[in-house]
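To start, the structure under review is shown below, and the notes come after it.
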Amino acid sequence: MALPALLTFAVFSWWPIIRGLSMSVHRTTFVGPDAWAGPNNFEYVLTDPRLVTATLNTAEFAVLAIVFGFPLPLTLAVIVSTVSGRARRLFAALAYLPVIVPPVVAILLWKLLFDPGPTGLLNTVLGAAGLGPFAWLNSPELAMPSIVAQATWAGAGTSVLIYLAALTSVRAELYEAAALDGAGVLNRIWHVTLPQIRNVILVMLLLQIIGATQVFTEPFLMTGGGPEDSTLTILLLMYRYAFGGEGDYGAATALGALLAVVLAALSGIYLRLTRRWQQ
């Protein structure tokens, strides 16, 4: 009974991983046989000055996504959990609505929102308050925060539903006991709600860190890595190696292997540091 699932994983998951590791130590053209390259692909990637830029940009995206994007769905879930009946289902559906919008469509709509001209939608709204116009995606300083805003809007809905499911496991008598002790709303959230769902929070934080370091679609479609490589991320650099005119599939897969090793190490360190809080 498990054989179909195992075969599916083998064909679509395990084999690409094995093939990618093989390509990282070969020169692959998909025309003739692969030529052995050894560590040359890794040396090329590690000495590429674009790697430093891509790493710093990816770290910036991850930090902004965690600082601004991680608390938002948790806050929304706590607020939605305070209502009941049809209102709760309505708010949960509205929170999840951005997730079902096709990513390409959503990103193109956000590009219209971030039109740098004075008649752009966001600039028009801010102009009414005497602000702007701002260059947004054309500005090296504002491009990355703009991408973070779109990514947070697009991905928060899934986290909201997960947190809502976790909040149903918090026993009502804990809130009642805290209220009898004189705890206010914020104290009940801090001392009852968050400790009861801390395992879910820790897992979601780890998943967001991993997801943020693999951002690709947003910078690829919104800025193409510009302006001045200010939104060039690690995965976008991998794309440029393989499909951006260089045709260097060995370098692309070598960078992918390095990223996988780094993420595995970060995940191990994270799990070790948070082991005490998962009890």
Side-chain angles (χ1 to χ4, degrees), residues 1-2 5 9 13 59-103 106 110 145 147-215 218 263-279:
M1 294 179 62
F9 274 103
S13 182
E60 179 186 0
F61 178 89
V63 170
L64 292 176
I66 292 171
V67 171
F68 297 102
F70 184 74
L72 178 62
L74 179 57
T75 304
L76 290 176
V78 172
I79 294 174
V80 172
S81 67
T82 60
V83 300
S84 59
R86 294 182 178 179
R88 181 173 181 175
R89 292 192 292 271
L90 175 62
F91 292 145
L94 291 176
Y96 192 72
L97 184 61
V99 180
I100 66 177
V101 179
W110 275 79
I147 292 176
V148 171
Q150 190 281 330
T152 300
W153 172 86
T158 302
S159 299
V160 169
L161 293 187
I162 294 174
Y163 287 131
L164 282 174
L167 288 171
T168 60
S169 64
V170 181
R171 301 193 303 274
E173 55 266 26
L174 295 177
Y175 292 116
E176 297 172 359
L180 291 175
D181 289 338
V185 175
L186 294 179
N187 282 329
R188 290 198 297 269
I189 292 174
W190 183 259
H191 294 289
V192 177
T193 304
L194 297 183
Q196 290 295 310
I197 63 172
R198 64 179 181 273
N199 288 338
V200 176
I201 294 175
L202 291 174
V203 172
M204 293 298 293
L205 178 58
L206 176 60
L207 293 178
Q208 180 151 356
I209 293 173
I210 295 174
T213 56
Q214 300 183 65
V215 61
E218 289 80 5
L263 289 179
L266 288 177
S267 300
I269 295 173
Y270 176 88
L271 293 174
R272 186 174 183 85
L273 292 176
T274 59
R275 181 182 303 172
R276 179 173 58 88
W277 297 334
Q278 297 178 20
Q279 302 302 323

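It should be emphasised that the depicted structure is a prediction, and the values quoted were computed from it without experimental measurement.
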Q | side chain to side chain contact (heavy atoms under 4.5 Å, CB included) evaluation trace for V215 with E218 | A | CA-CA 7 Å; V215 61; E218 289 80 5; 3.5 Å; yes
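Put simply, the side chain of I147 does not reach to within 4.5 Å of the side chain of W110, judged on heavy atoms. Residues V67 and V63 are in side-chain contact: their nearest non-hydrogen atoms beyond the backbone lie under 4.5 Å apart. Side-chain contact between L164 and R88 is present, with at least one heavy-atom pair separated by less than 4.5 Å. Between Y270 and L202 the shortest side-chain heavy-atom distance falls below 4.5 Å. Taking the side chain as every heavy atom from C-beta outward, Q214 and L263 approach each other to under 4.5 Å.
T213 places a side-chain N or O within 3.5 Å of a backbone atom of I209 that can act as its donor or acceptor partner. Within the 3.5 Å criterion, the main-chain N or O of I79 finds a donor-acceptor partner in the side chain of T82. Side-chain atoms of R198 come within 3.5 Å of backbone N or O of P195 as a donor-acceptor pair.
Summarising the local packing, CG of L273 is surrounded by more than 12 heavy atoms from other residues, nucleotides or ligands at distances under 6.0 Å.
Residues satisfying the side chain to side chain contact (heavy atoms under 4.5 Å, CB included) test with A106, not counting sequence neighbours, are V101, Q150, W153. In this structure, the side chain to side chain contact (heavy atoms under 4.5 Å, CB included) partners of S267, at least two apart in sequence or on a different chain, are L206, I210.
Atom OH of residue Y163 and atom CD1 of residue I197 lie 7.0 Å apart, to the nearest 0.5 angstrom.
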